[in-house]
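Here is the naming used below: chain letters follow the sequence lines, and residue numbers restart at 1 for every chain. What's counted below: heavy atoms across the whole structure, side chains too, no hydrogens, waters or symmetry copies.
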Amino acid sequence: MNLVIREALLAFRRAPLLSALSVTTIAFSLFVVGLFGLVAVNLQQALRDVAERVEIVAYLLPGAPIETITLAEKDIEAFPEVQAAAYVSEDEALQRARTELVEFRDVLQELERNPLPASIEVKLKPHFRDVEHVNEVAERLRGFGFVDDVRFGRDWVEKLDRLRQIAAAVGLVVGAAFAAVAIIIIGTTIRMAVLQRSREIAIMRLVGATNGFVRRPFLLQGALKGMLGGLAAVALSYGAYALINRWLIHAEFFSQEQAVAIVGFGMLIGFFGSAASVGRHLRRV
Amino acid sequence: MIKFTNVFKAFPKGGLALKDVSFHIAKGEFVFLTGHSGAGKSTVLKLVYAEEPVTSGEVRVSGFTLAEARRKDIPMLRRRLGIVFQDFRLLEDRTAEENVAFALEVTGARRASIPARVMRVLTQVGLAAKAHAYPRELSGGEQQRVAIARALVNEPTVLLADEPTGNLDERATRGVFQLLRDINASGTAVVMATHDLDLVRQAPYRVIELQEGALVYDSAVDEPRDQAASP
Ligand SMILES: Nc1ncnc2c1ncn2[C@@H]1O[C@H](COP(=O)(O)OP(=O)(O)OP(=O)(O)O)[C@@H](O)[C@H]1O
Ligand SMILES: [Mg+2]
């Protein structure tokens with residue numbers, strides 16, 4: 001094992017240029033994947049922020065007894081889709097309108113009678129903020145006798161849904177394409193490293209080294225290069241993130257798990273790329 | 001030790017390289033393999049170290065029957081052989097010492113034992129003083145000695161040499177040949193493919209001659225003959 005590690009490390013010293021090239025190639029390939037990941041992460045976050053605003057409002061008939069409403073509020077809160085339900089009385093509605101609609105303050109001040117109905121505002125749990133569930137909950141709310149009307153901005157929720165679908169599809173396709181390109185580029189780099197050492201491999205086999213023995217330093221080396229490349233990619237992505245955050249828009253960086261996943265992905269590509277290259281080489285000679 | 005029985009070898013692209021070759025080489029023997037270029041000398045050696053599969057017939061080497069040997073047996077077979085080529089096949093980025101040690105390292109020798117074993121074979125081939133030299137700093141003859149040291153360090157029962165003096169001048173040739181004779185004298189069998197008939201004549205060793213893939217003369221079996229008549 002000792003020797004395997006030494007041989008794997010020696011490769012960096014014996015072929016510093018090629019090793020640096022491999023690591024750089026892996027780093028930039030993963031960096032592109034990482035940049036795309038950043039876009040995806042931020043898009044998701046943006047969509048989540050927008051989805052925060054998905055809300056169903058049930059307007060109540062005037063004169064519904066408050067006890068009934070309180071009970072109903074409890075029932076609604078017990079719906080599996082519902083995160084919170086809040087009763088807004090007529091007075092509160094007016095109060096709110098006064099603070100929020102500053103332009104109409106004068107008009108609202110002069111009202112003799114409050115035209116605004118009381119309502120129950122229902123917020124759904126994050127997973128249920130799509131058209132289907134919103135519709136379902138709205139339908140159930142309509143079933144309450146004291147509910148006059150239910151509003152939730154159908155168009156808007158539908159658009160959000162479509163946006164989410166598009167984001168997911170583009171994310172999948174583009175992400176897979178980038179990952180595939182990264183795998184191919186990294187595979188080629190590793191193949192070069194194997195070819196560069198084909199003479200050494202031939203001699204190892206000639207003096208009776210087993211295939212497993214020949215393979216091991218390459219696997220370790222591939223995993224190592226992949227890891228270094230992954231770390232560099234995360235660092236580059238962080239640099240890009242910091243620049244964007246500072247000069248363009250407020251953005252989010254990867255979570256720790258996501259950063260670890262990028263490094264792990266690099267390691268896996270390095271490992272399996274080496275395994276494939278060496279395996280193919282050994283089968284042919 | 002090495003036994004060929006009715007061996008045929010056909011390459012996928014190309015005709016029959018060996019036709020019905022049979023011979024037996026005993027422990028500790030020194031055998032010249034001669035013949036024109038393309039006669040099949042290298043092919044015989046390749047079959048011995050399992051670089052190429054046998055097409056038909058049987059090759060037995062040091063207890064292995066090659067047709068039956070699985071791919072994973074090949075390393076074990078090669079550890080009992082030492083192999084030397086015309087072009088030395090040293091690693092340019094390692095010193096003489098490291099080249100020799102390489103053969104021990106990659107076959108899982110105990111690390112602590114490596115330096116002493118390497119020095120012993122380097123001394124045996126007369127290169128102890130140049131242990132730290134890189135191949136480019138050595139003459140052809142010296143490089144071949146390093147290659148021989150590498151072949152010997154695993155203490156093989158047979159040394160296979162494919163035109164080991166092919167790239168050397170006369171003086172270096174004599175030196176390397178003498179080294180092979182010394183190695184043989186200490187008990188290792190040597191099979192040496194060569195064009196150099198002067199060398200063959202110099203020594204009283206067994207000669208196996210191939211012609212277009214067929215064994216046409218074996219001094220252990222056939223009548224002695226005037227060697228000047230052979231090519
Ligand atoms: N890998 C191969 N594929 C196809 N034909 C081959 C292959 N290797 C050798 N041959 C053929 O087999 C025959 C014997 O070749 P071999 O190398 O054994 O000759 P040789 O006696 O060693 O010649 P030389 O003295 O030139 O080294 C030749 O006709 C050669 O063309
Ligand atoms: Mg030959």
Side-chain angles (χ1 to χ4, degrees), chain A residues 1-23 190 192-225 274-285, chain B residues 45-46 48-52 61-62 64 69-85 87-95 98-112 114 121 134-135 146-157 159-160 162:
Chain A
M1 200 57 208
N2 197 351
L3 176 78
V4 175
I5 294 169
R6 198 178 52 130
E7 280 293 318
L9 294 179
L10 267 181
F12 288 97
R13 213 184 67 196
R14 291 227 181 76
L17 208 69
L18 190 67
S19 301
L21 193 71
S22 321
V23 174
I190 291 168
M192 271 163 63
V194 171
L195 285 179
Q196 199 219 17
R197 296 184 64 202
S198 62
R199 205 180 146 77
E200 213 167 318
I201 293 176
I203 292 169
M204 283 169 109
R205 287 161 61 86
L206 199 65
V207 298
T210 58
N211 282 349
F213 188 93
V214 173
R215 204 175 281 130
R216 259 172 266 145
F218 281 103
L219 299 187
L220 186 63
Q221 201 190 319
L224 223 59
K225 282 179 180 171
S274 298
S277 291
V278 183
R280 195 162 57 169
H281 187 79
L282 287 178
R283 263 193 306 281
R284 271 204 319 212
V285 292
Chain B
L45 295 180
K46 280 178 188 166
V48 174
Y49 63 87
E51 172 80 14
E52 288 286 345
V61 179
S62 183
F64 290 88
R70 283 156 300 159
R71 269 180 84 91
K72 67 184 189 58
D73 293 333
I74 294 175
M76 295 308 140
L77 164 71
R78 291 195 182 157
R79 288 178 197 189
R80 301 196 195 172
L81 306 173
I83 312 170
V84 175
F85 297 95
D87 57 0
F88 322 135
R89 301 199 189 172
L90 298 176
L91 294 168
E92 300 298 326
D93 54 3
R94 294 180 201 235
T95 62
E98 288 166 349
N99 265 285
V100 176
F102 188 68
L104 287 175
E105 287 165 354
V106 304
T107 50
R110 220 161 38 79
R111 279 195 73 69
I114 292 178
V121 280
Y134 286 91
V146 176
I148 292 170
R150 181 180 65 194
L152 288 181
V153 76
N154 264 318
E155 290 159 20
T157 45
L159 185 68
L160 305 175
D162 196 350

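Only the backbone of B/Leu90 comes within less than 4.5 Å of a heavy atom in chain A; its side chain stays farther off. Heavy atoms of B/Asn154 lying under 4.5 Å from chain A belong exclusively to its side chain. Heavy atoms closer than 4.5 Å to chain A are found nowhere in B/Arg80, neither backbone nor side chain.
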TODO: For side chain to side chain contact (heavy atoms under 4.5 Å, CB included), just list the numbers for A/Val207 and B/Glu105, CA-CA rounded to whole Å, side-chain angles, deciding distance to a tenth of an Å, and then say yes or no.
DONE: CA-CA 10 Å; A/Val207 298; B/Glu105 287 165 354; over 6 Å; no

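Options B/Arg94, B/Arg150, B/Arg89 differ in how many heavy-atom pairs under 4.5 Å they form with chain A, and the most are formed by B/Arg94. Interface remark: of the candidates B/Leu91, B/Val153, B/Leu81, B/Leu77, B/Leu91 forms the most heavy-atom pairs closer than 4.5 Å to chain A.
The two residues B/Tyr49 and A/Leu206 make their nearest non-hydrogen contact at CE1-CD1, 3.9 Å. Of all the heavy atoms in A/Gly208 and B/Pro75, the pair that sits closest is O-CB, 3.4 Å. When all heavy atoms are compared, the tightest approach of A/Arg205 to B/Arg78 is O-NH1, 3.0 Å.
Separation of atoms CZ (A/Arg199) and CG (B/Asp93) is listed at 9.5 Å; rounding is to 0.5 Å.
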